[in-house]
Amino acid sequence: MDGSQRLAGFRAKFRVDELLVASTPAWSWSVRPGQATLGCGVLSLNRHAAQFSEVTAAEMSDLSGLLGKLERAVQLAFGNDRINYLMLMMVDHQVHFHVIPRYAASRQFAGLEWDDPGWPAFPALTEQQHDRRTDVLALIHQELQAACAD
């Protein structure tokens with residue numbers, strides 16, 4: 001499998017285009033299909049790279065601007081206490097971060113209670129809160145896009 005096929009597979013698995021919140025020439029920020037905590041996202045490089053050392057200085061600079069937008073939007077939308085950025089890449093060999101908003105107390109969104117069962121330690125990534133509600137990802141996506149526009 002070549003790099004473009006790996007990138008396409010990654011983007012399909014994480015539904016990057018469907019759940020895209022914001023992007024730059026080098027990076028995409030999308031809602032993570034599995035919501036370990038409210039507002040989880042995926043921050044991914046727009047070209048194939050299997051190692052973080054392959055990211056260029058220009059791409060790192062581009063990332064900086066998107067991080068500010070992401071952090072402001074998550075704070076505005078959901079009032080998180082912290083954000084964890086996890087670059088694991090054990091299964092998906094594509095440069096990306098899992099963006100995990102962290103909460104010291106539960107939050108209400110879309111008529112649902114959202115917890116952070118790992119707080120204040122490592123996030124419980126295997127949690128997929130409210131995954132049976134088929135509308136919840138779209139609602140999170142809309143909320144984050146609106147917060148980006150403010």
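Just the heavy atoms: all of them, side chains too, but no hydrogens, waters or symmetry mates, feed the values below. Each residue takes its place number in the sequence, starting with 1.
Residue pairs meeting the ring pair (Phe, Tyr, Trp, His ring centres under 6.0 Å) criterion with at least one member in residues 52-85, sequence neighbours excluded, are F52-F97, F78-F109. Residues in residues 92-105 take part in these side-chain hydrogen bond (donor to acceptor under 3.5 Å, both in side chains) pairs, two or more places apart or across chains: K13-D92, R32-H98, H48-Q94, N84-R102, H96-H98, R102-D116.
Under the rule for a salt bridge (charged side-chain N to carboxylate O under 4.0 Å, His left out), D115 has no partner lying at least two apart in sequence or in another chain. Taking the salt bridge (charged side-chain N to carboxylate O under 4.0 Å, His left out) definition, one finds that E18 meets it with R15, sequence neighbours left out. Under the side-chain contact (heavy atoms from CB on, under 4.5 Å) criterion, Q108 pairs with E113, not counting sequence neighbours. A104 is linked by a side-chain contact (heavy atoms from CB on, under 4.5 Å) to D81, W119, counting only residues two or more places apart in sequence or in another chain. Under the rule for a ring-ring contact (aromatic ring centres under 6.0 Å, His included), the partners of W114 that lie at least two apart in sequence or sit in another chain are H130. Contacts of S61 classified as side chain to side chain donor-acceptor pair (under 3.5 Å), with partners at least two apart in sequence or in another chain: none.
Through side-chain heavy atoms spaced under 4.5 Å, either directly or across other Ile, Leu, Val, Met, Phe, Trp or Tyr residues, F122 is tied to L86, L88, I100, L125. Members clustered with L76: none, using a 4.5 Å side-chain heavy-atom cutoff among hydrophobic residues.
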For residues 136-149, run the donor-acceptor check on the side chains, cut-off 3.5 Å, and write out each pair with its distance to 0.1 Å, sequence neighbours left out.
from: H141; atom 1: NE2; to: L20; atom 2: O; distance (Å): 2.6
from: Q145; atom 1: NE2; to: L20; atom 2: O; distance (Å): 3.4

Side-chain polar contacts of residues 2-12 - donor-acceptor pairs under 3.5 angstrom, sequence neighbours left out - could you list them?
from: D2; atom 1: OD1; to: S4; atom 2: N; distance (Å): 3.3
from: D2; atom 1: OD1; to: S4; atom 2: OG; distance (Å): 3.0
from: D2; atom 1: OD1; to: Q5; atom 2: N; distance (Å): 2.9
from: D2; atom 1: OD2; to: S4; atom 2: OG; distance (Å): 3.4
from: Q5; atom 1: OE1; to: D2; atom 2: N; distance (Å): 3.0
from: R11; atom 1: NH1; to: N46; atom 2: OD1; distance (Å): 3.4
from: R11; atom 1: NH2; to: D17; atom 2: OD1; distance (Å): 2.6

